[in-house]
**Student:** 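Dumping the structure here so I can ask a few things about it.
Position 1 is the first residue of the sequence, and the numbers go up from there.
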Amino acid sequence: MSCEFRVGERVQITLPVIGTVRYIGKTEFGSDDWVGVELDDPMGKHDGSVRNNRYFTCPPCHGLFVRPKSVITLQKRDSHTVPSGKAEEGQCTAEEGQSLPKRG
């Protein structure tokens, strides 16, 4: 897969959600390529493991898989964390492959 981003790079998901790419490639849960992102805030769905398959490791509710077209590479000067809503402890806010809720 040819991408404009790499594992370990800071990115923004098309919604105002920022995180770090932790996985790029095929998954057992979907066709085509997916990007696993460790979000800065607990607005994800998992800890890097989906359906008993470990793709990367992050804190609970910080992991999210998205399609490559949903990822925007942040420039170094823009790589700060933006304020975001917080999930209650133990509750993840997004379903895999679905958009996160809009804030505001």
**Student:** To the nearest 0.5 Å, how far apart are CD in E38 and CZ in R22?
**Tutor:** 4.5 Å
**Student:** Considering residues at least two apart in sequence or located in another chain, which fulfil the salt bridge (charged side-chain N to carboxylate O under 4.0 Å, His left out) criterion with R6?
**Tutor:** none
**Student:** Looking at residues at least two apart in the chain, or sitting in another chain, which of them share a side-chain contact (heavy atoms from CB on, under 4.5 Å) with D32?
**Tutor:** R67
**Student:** Scan residues 48-59 for pairs that pass salt bridge (Lys or Arg N to Asp or Glu O under 4.0 Å), counting only residues two or more places apart or in two chains.
**Tutor:** D47-R54
**Student:** Report whether Y23 and F29 are members of the same hydrophobic cluster (ILVMFWY, side-chain heavy atoms less than 4.5 Å apart, transitive linking).
**Tutor:** yes
**Student:** Can you give me the closest heavy-atom contact between V37 and F56, atom names plus distance?
**Tutor:** O-CZ, 3.8 Å
**Student:** State, to 0.1 Å, how close C58 and G63 come at their nearest heavy-atom pair, and which atoms those are.
**Tutor:** SG-N, 3.5 Å
**Student:** Decide side chain to side chain contact (heavy atoms under 4.5 Å, CB included) for V50 and T27; before the verdict, give the C-alpha distance in whole Å, the side-chain angles of both, and the deciding distance to 0.1 Å.
**Tutor:** CA-CA 9 Å; V50 178; T27 65; over 6 Å; no
**Student:** Membership question, hydrophobic clusters at under 4.5 Å side-chain separation (ILVMFWY): are V7 and L39 in the same one?
**Tutor:** yes
**Student:** Tell me, do V35 and V21 make a side-chain contact under 4.5 Å, heavy atoms counted?
**Tutor:** yes
**Student:** Quick one: does Y55's side chain get under 4.5 Å of W34's, heavy atoms only?
**Tutor:** no
**Student:** Rounded to the nearest 0.5 Å, how far apart are OG of S70 and CG of L64?
**Tutor:** 9.0 Å
**Student:** Looking at residues at least two apart in the chain, or sitting in another chain, which of them share a side-chain hydrogen bond (donor to acceptor under 3.5 Å, both in side chains) with Q12?
**Tutor:** none
**Student:** Could you pull out all residues at least two apart from T20 that satisfy side-chain hydrogen bond (donor to acceptor under 3.5 Å, both in side chains)?
**Tutor:** R10
**Student:** When you compare the side chain of K26 with that of S31, does any pair of heavy atoms fall below 4.5 Å?
**Tutor:** no
**Student:** Nearest 0.5 Å, please: how far is CD1 in I18 from CG in L74?
**Tutor:** 5.0 Å
**Student:** Assess whether side chain to side chain contact (heavy atoms under 4.5 Å, CB included) is satisfied between K45 and F65, documenting all intermediate values.
**Tutor:** CA-CA 9 Å; K45 181 174 178 177; F65 276 94; over 6 Å; no
**Student:** Hey, are the side chains of I24 and D33 touching, using non-hydrogen atoms and a 4.5 Å cut-off?
**Tutor:** no
**Student:** At what distance, to the nearest 0.5 angstrom, does CE of M43 lie from NE2 of H62?
**Tutor:** 10.5 Å
